[in-house]
Visitor: 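My questions will all concern the structure given below.
Keep in mind the model is a prediction, meaning the values are calculated, not measured. In listed order, ligands and their atoms are each counted from 1.
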Amino acid sequence: MAETRRLYYEDPYLLEFEAEVVERREHDGHPAVVLDRTAFYPESGGQPWDRGTLNGIEVLKVVELDGAVLHVLGSEIPAGPVRGRIDAATRTDHMQQHTGQHVLSQAFWELLKGETLSFHMGVEVSTLEIGLKTISDADCDRVEDRANAVVWEDRPVKTYFVPEERIGEVPLRRPPKKQGLLRVVEVDGFDYSACGGTHVRRTGEIGLIRVGGTEKIRGNLRFEFLCGGRALRDYRAKDRSARKLAAAFSCPAADVAGPVERLSAEGKALKKRARQLAERLAAFESQEYILAASGRVIAGVLDDKTPEEARFLALAIAKRGEFAVVFGAAAESQGHLILARSEALKPDLRQLAQVVGTVVPVKGGGGPSLVELVMADRARLGDAVDAAAAWLRDNA
Ligand SMILES: [Zn+2]
């Protein structure tokens, strides 16, 4: 395949270009073309491909194949000259993330001797895998501060080609992966990387670098980070959310974590207490049901009970005599059917899933003496209870 002239090497700000089709192909069931020259960046080196159009036809994907750049298209492109347009917002975003990555990688190396092992630019967030076992918040802040200082110094970002035999003269942060003529991206006097990506021309255009969450991976640390417009959008969303919470808790937005944690702990404690009380209530209520019972089968729809409360009640009844219990719990959006029986009784309640299923579609299961079935249509709970109760009167 013919080598493609890469216009994005010469000028990453070029968003429109003209070219000729030199080859037509098919890629994953879509038409694809190789051009003599292109400003489209193909997916490589952790950076996604550029979005845009060729003669108004959407470019679905851009991949590298044997030195050529393959443009995968939404539909076939007619013969004749091609006019390409790169989506400006995506290109700017990629340039900010990618240049920000070089700066951040060098800051990790300079301050902590943390080597960059891999880089991935996602649609929402980008990640860097760094050869560190742990990092303190203070060290992470130092790295972030150093990276942003380099951004605000507005250093030039230069790109130039160096032959392989002279690459030793360039203080590269990582040894190059490729051979032959190497493209060096230099963040003026700060970072030297062999890289084929698209970068901004001055670090000031990165705007801001924010290091987010960290996780352990393969014994190293993987950092999420956001640059430029992504960092602004992230700050905006989190600031709004923090302000809402702060207003609800009447505290400063930056201190909202404390009250939220306390509320969450309180919620858990209350849930536990409510459960204990529901179990105690079930013990009392079970006596009323048993007194009113006119046989072994006790059935009914409980309008105000949650599935858990209905289960406590059914189990309390089954424990106090020889009973089979069918309760419909109607307090939640779906209908829940609770089936329980005393150990002394024989029938396997799991058979009831099929019996009830002939009347109302249900899901769920359980053991021989306790089964819980769920139905989307809560209004059919009464029919389901009747069907189960009828079967139990014949079989229990
Ligand atoms: Zn790069």
Side-chain angles (χ1 to χ4, degrees), residues 4 6-15 38-51 62-64 67 69 86 88 90-110 114-123 125-131 143 146-148 150-151 153-162 164 167 170-211 222-231:
T4 310
R6 296 169 193 235
L7 302 170
Y8 59 85
Y9 277 168
E10 298 156 36
D11 180 7
Y13 293 83
L14 180 74
L15 297 173
T38 188
F40 275 91
Y41 181 81
E43 181 180 32
S44 63
Q47 181 176 330
W49 65 90
D50 279 321
R51 301 184 177 281
V62 190
V63 292
E64 202 157 359
V69 176
I86 309 285
T90 320
R91 168 61 72 81
T92 302
D93 172 56
H94 291 176
M95 283 157 68
Q96 284 181 329
Q97 310 312 314
H98 201 148
T99 320
Q101 179 260 311
H102 286 232
V103 174
L104 188 57
S105 283
Q106 181 61 41
F108 270 114
W109 177 249
E110 186 189 81
E115 195 185 342
T116 292
L117 303 170
S118 71
F119 158 55
H120 175 73
M121 193 194 298
V123 177
V125 290
S126 304
T127 54
L128 264 187
E129 186 182 343
I130 303 286
V143 168
R146 175 63 173 141
N148 282 291
V150 171
V151 169
E153 284 160 13
D154 198 25
R155 299 194 191 202
V157 178
K158 299 174 250 183
T159 56
Y160 42 86
F161 286 89
V162 177
E164 195 183 351
I167 198 70
V170 183
L172 289 181
R173 177 164 40 79
R174 299 170 82 185
K177 284 184 192 154
K178 292 186 176 174
Q179 285 156 355
L181 198 60
L182 293 161
R183 183 172 187 255
V184 174
V185 176
E186 178 190 340
V187 177
D188 192 36
F190 181 67
D191 183 67
Y192 299 78
S193 295
C195 182
T198 50
H199 307 83
V200 295
R201 66 194 138 204
R202 297 193 75 94
T203 57
E205 289 179 49
I206 299 166
L208 182 73
I209 299 175
R210 172 74 183 123
V211 180
R222 183 159 65 190
F223 294 86
E224 287 185 356
F225 71 97
L226 301 163
C227 302
R230 291 191 188 196

Visitor: How many angstroms lie between CD in E205 and OH in Y13, if you round to the nearest 0.5 Å?
Guide: 3.0 Å
Visitor: Could you pull out the N/O/S protein atoms under 2.8 Å of the Zn ion (ligand 1), ignoring any water?
Guide: H98 NE2, H102 NE2, C195 SG, H199 NE2
Visitor: Is there a donor in the side chain of T203 and an acceptor in the side chain of E153, or the other way round, less than 3.5 Å apart?
Guide: no
Visitor: Under a 3.5 Å cutoff, is there a donor and acceptor pairing between the side chains of S193 and R173?
Guide: yes
Visitor: Tell me, please, which residues at least two apart from K178 pass side-chain contact (heavy atoms from CB on, under 4.5 Å).
Guide: L182
Visitor: So do the side chains of T116 and F108 get within less than 4.5 Å of each other, counting heavy atoms only?
Guide: no
Visitor: I need the L14 CG to I86 CD1 distance, nearest 0.5 Å.
Guide: 7.5 Å
